[in-house]
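Note sheet for the following structure.
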Amino acid sequence: MLTIMKTASLIVVLILALTFCLFAQTPNYGQPPQGVALTPPMGWNSWNKFACNVSADLIQQTADAMVSSGMKDAGYEYVVIDDCWQVSRDANGNVQADPQRFPNGIKAVADYVHSKGLKFGIYSDTGTLTCQKRPGSRGYEFQDARQYAAWGVDYLKYDWCNTSTQDAPSSYALMRDALVATGKPIVFSICEWGKNKPWLWGGQVGNLWRTTDDIEDRWEGLHKWPGGSCCSYGMLDIVDAQVGLETYAGPGHWNDPDMLEVGNGGMTNTEYRSHFSLWAMMAAPLMAGNDLRSMSPEIKEILTNKEVIAVNQDKLGRQGRRVHKEGDLEIWSKPLADGTRAVILFNRSKEQKEVMAAWEDIGYPAHLSASVRDLWQHKDLGKFTGKFTAQVPSHGVLMVTVKP
Ligand code: GAL
């Protein structure tokens with residue numbers, strides 16, 4: 001009898017310990033803003049091209065260009081001012097825009113963007129100061145969120161500079177609560193560079209979360225920041241850092257491998273096509289980062305390729321993954337809502353190479369006959385059984401759909 005009782009109490013203790021461990025390891029931070037970013041957000045952000053050189057004129061001209069270039073028609077929606085729009089707080093703590101650069105204030109800019117049928121986004125920081133030492137939102141979360149909502153802000157990018165010992169998930173959850181309390185749907189973009197594994201908690205707090213340090217406009221290579229700390233990322237370094245994070249993404253909550261560099265001049269058009277295809281494949285937010293007012297026809301064609309964008313915006317919301325790698329040759333695959341697969345044959349090498357996508361690698365049986373369509377040539381390539389093989393240029397992709 002004594003042994004039975006001992007065993008029973010041991011079991012109870014074990015169950016309690018297990019329950020405690022489970023709950024202790026998965027704190028509940030709530031829910032991200034609802035009903036927004038059900039597909040990866042698309043838009044434009046000022047930082048990659050303009051850094052602190054932002055103004056009302058730039059934002060208004062960019063909104064105009066987004067419409068006239070066909071980007072709006074292709075699905076781009078948010079026009080986001082990054083760091084440096086803000087200069088101080090007034091005696092009541094209200095954040096003030098730079099009066100020289102935004103002479104009529106932020107609401108006038110937001111109204112202009114809205115008048116073009118677009119949405120408007122802004123930037124702040126979780127800490128006391130932004131990365132460019134402008135006022136951050138720490139201690140002003142609810143006041144700032146109310147101000148943003150009154151201006152008509154639809155999207156907030158929230159950075160992580162000057163945060164001292166702040167706890168990331170709860171600091172971001174605080175601003176999330178402030179945004180939700182406004183009653184206005186505002187996309188919440190978490191930008192803490194992947195430092196606190198945001199893929200583990202970001203889906204409870206925000207609609208997208210940066211997974212790495214900043215992208216820079218080059219094919220590959222980590223470069224130290226001017227102060228000596230590590231590092232800005234080349235495009236390929238960002239791609240490699242996404243492997244393993246696929247399951248954390250889904251409608252309303254996305255991994256964010258940072259904004260696009262397409263059109264900024266540091267890569268070839270072939271490389272930019274790869275960059276854009278891979279971002280589409282990874283269900284990444286598509287935030288253009290170039291000067292939309294002066295794009296070449298080739299860059300416009302890349303950014304507005306509707307077939308590639310359809311892969312990114314597919315309603316199933318699955319992040320594509322690298323399913324095969326042999327040295328510099330890779331196959332990426334993304335299941336789409338209609339059962340089709342989007343597939344990238346990627347050649348990272350310095351020479352043109354033959355690349356083969358085997359049906360078994362993309363989750364189809366080998367005997368299956370399937371139609372292959374080239375999403376850059378906009379051309380049906382025919383029916384293939386078991387595999388599809390093609391010549392792929394150096395640093396290039398062939399991006400196709402494979403439909404059984
Ligand atoms: C970085 C952020 C960049 C940009 C910049 C502005 O922390 O990753 O995307 O927002 O701050 O200072």
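Just so you know, ligand 1 is whichever comes first in the structure, and atom 1 is the first atom listed for that ligand. Values below: every heavy atom of this structure, side chains too, minus hydrogens, waters and symmetry copies.
With sequence neighbours excluded, the residues forming a disulfide (SG to SG under 2.5 Å) with Cys52 are Cys84, listed by chain and number. Residues forming a ring-ring contact (aromatic ring centres under 6.0 Å, His included) with Tyr112 (at least two apart in sequence, or on another chain): none.
A donor atom on one side chain and an acceptor atom on the other are not found under 3.5 Å apart for Thr401 and Thr340.
Ring geometry for His275 against Trp279 counts as perpendicular: the plane angle is over 60°, on a 0 to 90° scale with 30° as the lower cut.
Distance alone, capped at 3.5 Å, is enough to place a donor-acceptor pair between the Ser274 side chain and the Thr270 backbone.
Near ligand 1, residues Trp47, Asp82, Asp83, Tyr123, Cys131, Gln132, Lys157, Asp159, Cys191, Trp193, Arg210, Asp214, Met259 each place a heavy atom inside the 4.0 Å sphere around the ligand atoms.
Pairs of residues two or more places apart, or lying in two chains, that qualify as salt bridge (Lys or Arg N to Asp or Glu O under 4.0 Å) and include a residue from residues 145-158 are Asp82-Lys157, Asp154-Lys184.
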